[in-house]
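Structure first, commentary second.
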Amino acid sequence: GGRPMSLNERMATCVKYGRTSRVKYLIAQGASVNQIIDYPEDYTFLHFIAENDSSEYDRKAMAEILLNARANVNAKARYMMIAERARRNL
């Protein structure tokens, strides 16, 4: 086996798979709610949740957990920043 997953890597996996109780536990252990995940354009967890339209994913519950832990609602993904710069340069 390879190296064990870091706290933040475990957090990313649990957010992606909708494991709300595990996410709460990892936050309590110090995992970051504002980390960047590679899905697909430097998304934060809130971006990921907003894009996840699976009927089996409880977006509301996950968003509440992250927001209660002070997730940054103003974070911008890379593609959002590129589009913003392009608009300013028009």
Side-chain angles (χ1 to χ4, degrees):
R3 66 171 177 76
M5 286 174 66
S6 72
L7 186 66
N8 286 337
E9 288 170 329
R10 287 188 311 224
M11 175 77 167
T13 298
C14 290
V15 169
K16 287 179 182 180
Y17 289 100
R19 298 185 180 130
T20 51
S21 60
R22 190 79 180 142
V23 166
K24 287 181 191 177
Y25 170 78
L26 292 169
I27 290 169
Q29 298 299 307
S32 170
V33 294
N34 290 308
Q35 64 180 297
I36 300 298
I37 54 175
D38 297 326
Y39 183 90
E41 300 286 343
D42 288 353
Y43 273 18
T44 65
F45 293 140
L46 291 179
H47 294 127
F48 173 79
I49 292 166
E51 294 283 320
N52 188 335
D53 60 0
S54 167
S55 61
E56 284 153 36
Y57 191 92
D58 191 345
R59 296 192 306 176
K60 183 175 185 293
M62 189 64 77
E64 285 176 355
I65 291 166
L66 296 172
L67 291 170
N68 286 337
R70 302 198 180 276
N72 181 3
V73 296
N74 296 312
K76 293 184 179 176
R78 183 186 307 155
Y79 78 89
M80 298 164 92
M81 292 185 281
I82 291 169
E84 195 172 279
R85 275 197 298 273
R87 270 197 305 277
R88 281 199 304 261
N89 292 330
L90 290 178

Next on the checklist: Strictly distance-based, threshold 3.5 Å: is any side-chain N or O of Asn72 a donor or acceptor partner for the main-chain N or O of Asn34?
Outcome noted: no

Item to check | Pairs meeting criterion side-chain hydrogen bond (donor to acceptor under 3.5 Å, both in side chains) with involvement of residues 21-31, two or more places apart | outcome: none

Next on the checklist: Going by the rule side-chain contact (heavy atoms from CB on, under 4.5 Å), which residues pair with Ala31 if we only count those two or more places apart in sequence or in a different chain?
Outcome noted: Leu7, Asn8, Met11, Leu26

Item to check | Residues in side-chain contact (heavy atoms from CB on, under 4.5 Å) contact with Asp58, at least two apart in sequence or another chain | outcome: Lys60, Ala61

On a heavy-atom basis, which atom in [X] and which in [Y] lie closest, and how many Å separate them?
X: Met62; Y: Arg19; answer: CE-N, 3.9 Å
X: Phe48; Y: Lys16; answer: CE2-CA, 3.5 Å
X: Glu9; Y: Ser6; answer: OE1-N, 2.7 Å

Item to check | Path from Tyr17 to Val33 over hydrophobic side-chain contacts below 4.5 Å | outcome: no

Next on the checklist: Do Ile49 and Leu66 have side chains that approach each other closer than 4.5 Å (heavy atoms only, starting at C-beta)?
Outcome noted: yes

Next on the checklist: Within the 4.5 Å heavy-atom criterion, are Leu46 and Leu67 side-chain neighbours or not?
Outcome noted: yes

Checklist entry - Which distance, rounded to the nearest 0.5 Å, do you find between the CZ of Arg59 and the CG of Asp53? => result 7.0 Å

Checklist outcome for this item: Rounding to 0.5 Å, atoms SG (Cys14) and CZ (Phe45) come to a distance of 9.5 Å

